[in-house]
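Since the structure is predicted, the reported quantities are computational estimates derived from the model, not experimental observations. For reference, positions follow the sequence shown, starting with 1.
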Amino acid sequence: MPLSAARTRALPRIPAPLFPGEDTEPAVVDAIDAARRIPGFGNDVDATLAWARDATRDTGAATASVDTVWQLLASTAALDVAAGRILEPNVDAQRILAEAWDDGIAPDLRPLDVDTTSAWGVFAAEGPGVRLAASRTTGWTLTGTKPWCSLAAHLTHALVTAWIDDDTRGLFAIALRSPEVHVHDGPWHARGLSHIVSAPIDLAAAPAVPVGDPGWYLARPGFATGGMGVAATWWGGATGILHALTDAAATDRADQLARVHLGRADAAQWAARTTLADATARSSEGDAIDRAILAARVRTIVADAAETVLHTADHALGPAPLVADDAHARRVADLHLYLRQHHAERDLARLGRDLVRRRAERDETTAGESGW
């Protein structure tokens with residue numbers, strides 16, 4: 001169904017360049033312009049997936065600089081949060097495969113019938129009571145259940161983590177349309193991201209291609225970068241709501257309080273933007289613990305900023321746009337759910353754990369150097 005004139009007007013502008021002092025990449029601008037011409041962008045999953053595949057290729061996102069990739073993710077989510085949610089795992093999968101090649105790993109994907117029309121996801125979540133196990137005879141196969149497999153019914157391939165033994169996971173590429181893979185259609189009662197079903201998949205000795213040695217997926221520098229790419233997408237989604245606050249504060253009826261709300265949201269978004277900009281130069285520095293600390297800090301700061309924008313918009317705009325403006329209501333609901341990929345206090349606890357580990361290592365090194 002074509003976009004209505006009202007919906008077209010509601011689409012927000014491309015956000016300002018994510019990184020101060022740099023222009024938005026022309027390829028990113030072209031990709032967003034192409035997205036604007038797609039009827040039902042973000043709602044039509046298959047059309048948006050096709051765009052995401054083309055945008056990933058045309059911007060060179062698999063091997064592009066981190067700032068270019070985050071510009072693409074943020075700009076897409078500023079246009080439509082669900083579209084950003086669709087794009088992000090496709091970009092992440094392509095960057096993981098490119099990183100594998102750079103590390104001298106050359107997974108042979110030919111048995112999986114991978115081609116230029118393939119649409120990829122990344123399924124790395126775990127859940128209580130389910131387990132995906134990898135075994136090897138003449139080749140690798142996966143058996144068990146993988147939870148939280150977003151868009152599995154629409155994708156052709158995925159990178160999935162599976163347990164090789166009791167303590168170690170490996171990363172594998174699979175074909176989702178293999179007869180050994182059963183994709184569930186729920187449960188999914190979400191009001192936000194309602195078309196982006198994240199349901200389990202069952203695998204019964206499904207053929208799989210290993211990508212890297214056991215543990216490579218978590219140890220590689222790109223793991224932290226990918227996690228921060230999700231944060232850049234959150235930031236873009238919140239930027240779309242910031243536009244609504246700006247519009248409200250610019251009306252003739254706006255009072256001082258409307259400008260207070262705008263100022264609070266803008267300051268939070270600017271702090272998150274500056275954090276993301278700084279992180280581009282640090283994303284591959286240090287060891288796995290350093291990168292984990294950086295990613296946790298970035299994701300926490302950006303998630304807090306996005307939640308500040310959501311909370312402020314509720315207070316500033318009231319119920320009217322939540323019931324009368326389809327684009328705004330969907331954006332708010334989509335972003336609320338998307339932000340739950342950040343596990344709040346649990347992620348802060350992991351950050352604290354890693355900070356303590358890093359301090360202990362430094363204390364041990366210092367003691368050794370002092371002769372104690």
Side-chain angles (χ1 to χ4, degrees), residues 1-5 7-98 115-121 151 154-156 195-196 222 225-226 228-243 269 273 276-277 280 283 327 330-331 334 338:
M1 179 180 294
L3 291 174
S4 67
R7 174 65 191 279
T8 301
R9 287 195 302 271
L11 290 177
R13 303 177 295 277
I14 297 174
L18 182 56
F19 308 108
E22 298 183 10
D23 294 330
T24 304
E25 286 289 330
V28 173
V29 175
D30 291 344
I32 298 301
D33 284 344
R36 287 178 171 276
R37 296 191 293 269
I38 296 174
F41 184 67
N43 268 321
D44 186 330
V45 171
D46 290 329
T48 307
L49 265 175
W51 170 87
R53 183 191 63 230
D54 293 345
T56 302
R57 180 197 64 228
D58 294 344
T59 60
T63 56
S65 65
V66 172
D67 54 350
T68 295
V69 173
W70 290 359
Q71 284 180 16
L72 175 63
L73 293 172
S75 298
T76 301
L79 192 64
D80 187 277
V81 175
R85 178 68 181 85
I86 290 169
L87 171 66
E88 183 276 323
N90 184 74
V91 169
D92 193 32
Q94 296 297 337
R95 289 183 72 84
I96 292 168
L97 292 171
D115 59 29
T116 57
T117 66
S118 298
W120 288 80
L151 294 173
H154 296 268
L155 301 172
T156 60
H195 303 302
I196 304 178
T225 306
M228 291 184 285
V230 175
T233 315
W234 296 336
W235 182 87
T239 297
I241 296 173
L242 188 61
H243 289 321
Q269 278 291 91
R273 179 189 190 202
L276 287 163
T280 62
S283 59
R330 191 162 66 88
R331 176 182 299 281
D334 289 349
Y338 198 0

Kindly write out the residues that satisfy side-chain hydrogen bond (donor to acceptor under 3.5 Å, both in side chains) with Asp44, not counting sequence neighbours, or none if the list is empty.
none
With sequence neighbours left out, write down each residue that passes side-chain hydrogen bond (donor to acceptor under 3.5 Å, both in side chains) with Ser65, or none if nothing qualifies.
Asp67, Thr68
By side chain to side chain contact (heavy atoms under 4.5 Å, CB included) - contacts of Ala55 (at least two apart)
Ala31, Trp51
N/O donor-acceptor pairs under 3.5 Å from side chains in residues 83-94, not counting sequence neighbours:
| residue | atom | partner | partner atom | Å |
| --- | --- | --- | --- | --- |
| Arg85 | NH2 | Ser150 | OG | 2.7 |
| Asn90 | OD1 | Trp120 | N | 3.4 |
| Asn90 | ND2 | Thr56 | OG1 | 2.9 |

Can you tell me if Arg53 uses its side chain to pair, donor with acceptor, with the backbone of Ser118 under 3.5 Å?
no
For Ala98 and Ala62, the nearest pair of non-hydrogen atoms, with its separation, is CB-O, 3.6 Å
As an exercise, state the distance from CG of Asn43 to NE2 of His195, rounded to the nearest 0.5 Å.
4.0 Å
Please give me the minimum heavy-atom distance between Gly237 and Val81, naming the atom from each residue.
CA-CG2, 3.8 Å
CE on Met228 to CG on Leu73, rounded to 0.5 Å
12.5 Å
Give the minimum heavy-atom separation between Val66 and Ser283, together with the two atoms involved.
CG2-OG, 3.9 Å
Criterion salt bridge (charged side-chain N to carboxylate O under 4.0 Å, His left out) against Asp80, the qualifying member of Arg330, Arg331, Arg36
Arg330
Could you walk me through whether Leu49 and Leu155 pass the side-chain contact (heavy atoms from CB on, under 4.5 Å) check?
CA-CA 8 Å; Leu49 265 175; Leu155 301 172; 3.8 Å; yes
Quick one: CG on Leu79 to CG on Asp33, what's the gap to the nearest 0.5 Å?
9.5 Å
Please enumerate all residues that pass side-chain hydrogen bond (donor to acceptor under 3.5 Å, both in side chains) together with Thr117, with sequence neighbours excluded.
Asp115
Partner set under side-chain hydrogen bond (donor to acceptor under 3.5 Å, both in side chains) for Asp54, not counting sequence neighbours:
Arg57
Give the C-alpha distance, both sets of side-chain angles, the deciding distance and a yes or no for side-chain contact (heavy atoms from CB on, under 4.5 Å) between Trp235 and Leu242.
CA-CA 10 Å; Trp235 182 87; Leu242 188 61; over 6 Å; no
Minimum-distance pair of heavy atoms, taken over all atoms of Ile196 and Ala82:
CD1-O, 3.4 Å
Checking side-chain contact (heavy atoms from CB on, under 4.5 Å) for the pair Val45/Leu151: CA distance, chi angles, key distance, verdict?
CA-CA 9 Å; Val45 171; Leu151 294 173; 3.6 Å; yes
Quick check against the 3.5 Å criterion: does Thr48 have a side-chain atom that pairs as donor or acceptor with the backbone of Phe41?
no
